[in-house]
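Following: one structure in C-alpha cells, then a few remarks.
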Amino acid sequence: MLLLLFLRPNLMFCFYPVYSNSLLDYLVNSRWEEERYTDGSKWKFLEHKGPVFAPPYEPLPSQVKFFYDGKHMKLRPEAEEVATFFAKMLDHEYTSKDIFRKNFFKDWRKEMSAEEKTKLTDLKKCDFTEMSDYFKAQSEARKAMSKDAKLKIKEENERLLQLYGFCIMDNHRERIANFRIEPPGLFRGRGDHPKMGMLKRRIRPKDIIVNCSKDSKHPEPPPGTKWKEVRHDNKVTWLVSWTENIQGSIKYIMLNPSSRIKGEKDWQKYETARQLKKCVDRIRTQYREDWKSKEMRIRQRAVALYFIDKLALRAGNEKEEGETADTVGCCSLRVEHIKLYPENDGQEFVVEFDFLGKDSIRYYNKVPVEKRVFKNLQLFMENKDTDDDLFDRLNTSVLNKHLQELMDGLTAKVFRTYNASITLQQQLKQLTSAEENLPAKILSYNRANRAVAILCNHQRAPPKTFEKSMQNLQLRLTCVFEYFLTSKADAKVRRDEKSKKKKAVERTEEQLMKLEVQATDREENKQIALGTSKLNYLDPRISVAWCKKWSIPVEKIYNKTQREKFAWAIDMAEDDFEF
DNA sequence: GATTGGACTTAGAACAGATTGG
DNA sequence: CCAATCTGTTCTAAGTCCAATC
C-alpha cells in the first residue's frame, strides 16, 4: 500500500480516514493538511507551458477552384479561409439552414476585400464543391498513409502532449484537459441557435491570459508575440483563458478529471449529495406542507422543488432571449410546456411535460401528481398566456437561497446528483442476483445505469447504422444457436469422449448467452446515453463497492480514463460502501 | 432585488483509434 | 489481413451557481 501511495501521490488526499497504519496516517494527514487550503486558495505553485495554438491557415493549392455564378474566382487567403470552413461542412444539414447561411454570409463578407464584397453578393451562387472534394480527398489520403507516416504523427502528438499537456501544481505533475486552443471555424450551436454559422475567430497570443504562480517559470508566447496578460491568481484553477467572440464568454484551459483538484471537487459533490440523503425526508415533508401556503411564491417554490426532486429536472436559469436557443429548465418552464389532464388513461391528475432542455434535448413525460400539485398548477396557469412563465414568482436564485437554508451547500442540482446515485444503488440491489454469470451481472449494471439515464433524460441520436448492426448481431446469434443445437445433439450421441465434447458445447452455450445479453443491452440502449450519468451523476464508490461485492473486475465497468478519473473512489470504497 | 461577469460542471456529437469477424 | 464496426477520446457548447456591482 505504501508503494501505491508513492506511485500515485496525488491520491493521498482522500485516504485520511481509511488506514490505521500510523506512518501512513502521518503521511496522509500531513499531506491532506498541506493540500487543503482554508483561505479559498486552490494552489500555491503552478507552472505550465501555455497553450498550443491552432496551426496557421494554409492557402489552397491553385488547382482547387472556387466558383461564383459559374465563374472561377480566386479569393484572398482571408476570405478563402472562411470559405473553407463552409466547404468542410457542406455535407452537414447545418449548411442548408437559413439562419446558418445568413450568419455565415454576413461574417464571411467581413473578411472579404472591397472587390470581393462587390462581386460576391449571393451565397446561392457560390460553388464550394471543389474545395469540399479536396478536403475529402485529403482525409482519405490521411487514412491511407503508410504505417511509418502514421507513427511519425503519433510521435509528434506524444511530444506535444508531454511538453504542453502537463503542468506542475503543488508538487504534482498533472494532466491538462484541453491544452489546444480551439481552432477558428463556424459556430455550430445546438438546436435552433440564432447564432449558428457565425465565424468563430482565430485566437492569438494577444487574446490569451496566462495564469501561473509568480515563482514559476512563466510560459513563453510564440516568438514575436505577447500574451494579453500574465496573472497570478491562486483563487482559481484555470491556467489559460480567453474571451470568445460569439457570446462574449470566457473560455478556459483547466486540468484533467484525473487531477487532484478535480477529483477532490468531485468527491465533495458526492459528499454533499450524501448529506442530502440524511435530510431529504424532512425537506420533502416541508415542501408538501408548502403546497398549502397562503403565499403564492412559496407554493410555486414548493411545486418547482417537487418537480426537481421527483423528475430530476435542472434548475432552469433565465436566458437572454435571442442570444441562445430557446430551452428551459424547471424554474423557467412556461405555460406552453405543460398540459394538465384531470384524468388520463385511467390515472388521475396527470401532467404532461413537453419542452426542450439543455442542448435542445426534448423532455417528454406524462406523470400523475398529487391532487394538491395539480390544483396549484391550475392556479399558476390562470389568466396566463402560453408564453408566460409558469412560476412567475420564482427563479433559480430565490430557489437556491431557500435550499441553502434547508441544508448547507444545498442547491437545485444536488437533487439530480442525489436521485441519480440513490437510484443506481437501489437498482443494483434490486437487479443483481448471485446466480447470474458475469455478462448477466454486467447487463444488470447497465440496466441500473440506464434507469438513471432515463431519469436524467440523457438521450442520444440512435446510431446511424443501428438497425443494420442489430440485424447482424441477430444473425450471428442465430448461427451460434444452430451450431449449439447440433453440437449438443452430437455430444449426446457420442458419449465416449464426453469431456472434450461437453466442454465445447459449454463454450458455445456461454458464447450464446453472451450474444443474447449483448443484443438485449444494445436494443435497450438505442436512444439512451449512459456516459453522462456515469461520469457526472453516479457516485463512483457505489459502482466500486458493487464490483467488490460480486468480485467483478472494475475494468468491466470503467475504462482506463474513467478509472483515472475515479481513482479516488477505487482506492477508497470497500464492498460495504453505502451511498 | 436585478443584472452581469466569472468559474466551474455537464452535455451530446464528431472523430480517431482499436477490435473483430469474415 | 482488411474492412466494418465498435469503443474510447476529443471537442466545445450549454448549463449551474456564486459574487460583485448597481
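Order of the sequence lines fixes the chain letters, A, B, ..., with proteins taken first and strands second; residue numbering starts at 1 for each chain.
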Among [options], which is the nearest nucleotide to the side chain of [X]?
X	options	result
A:Lys265	B:dA11, B:dC8, B:dA14	B:dC8
A:Ile361	C:dA13, B:dG12, B:dC8	B:dG12
A:Asp359	B:dA7, B:dG12, C:dT9	B:dG12
A:His458	B:dG12, B:dC8, C:dA14	B:dG12
A:Arg180	C:dA13, C:dC11, C:dG8	C:dC11

Looking only at the side chains, is there a donor atom on one of A:Tyr445 and A:Ser543 sitting less than 3.5 Å from an acceptor on the other?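 Judged by distance alone, the side chains do pair up.
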
Is the phosphate of [N] approached by [X] (side-chain N or O, under 4.0 Å from OP1 or OP2)?
X	N	answer
A:Ser397	B:dG1	no
A:Arg314	B:dA11	yes
A:Asn395	B:dG1	no
A:Asn317	C:dG15	no
A:His193	C:dA13	no
A:His92	B:dA14	yes

Are [X] and [Y] ion-paired here, with the side-chain N under 4.0 Å from a carboxylate O?
X	Y	result
A:Lys154	A:Glu158	no
A:Asp207	A:Arg204	no
A:Arg260	A:Glu174	no

A:Phe86 ring center near A:Phe128 ring center (under 6.0 Å):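 Distance test on ring centres: under 6.0 Å, yes.
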
For A:Phe179 and A:His48, I'd like to know if the aromatic rings sit close, meaning centre-to-centre distance below 6.0 Å.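 They do not qualify: ring centres at least 6.0 Å apart.
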
Heavy-atom nearest nucleotide on DNA chain C for A:Thr327 versus A:Arg175: which residue maps closer to 5'?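 Between the two, 5'-proximity favours A:Arg175.
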
Residues from residues 400-416 of chain A sitting under 4.0 Å of DNA chain B, heavy atoms only?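 The answer is A:Lys413, A:Arg416.
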
Could you encode protein contacts along nucleotides 15-22 of chain B as a string, one character per nucleotide from 5' to 3', using B for base contact, S for sugar-phosphate-only contact and - for no contact, with a heavy-atom cut-off of under 4.0 Å? ------SS

Give a yes or no on whether a donor-acceptor pair under 3.5 Å exists between the nucleobase atoms of B:dT9, that is its base, and the side chain of A:Lys262.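 Under the 3.5 Å cut-off, the side chain and the base do not form any donor-acceptor pair.
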
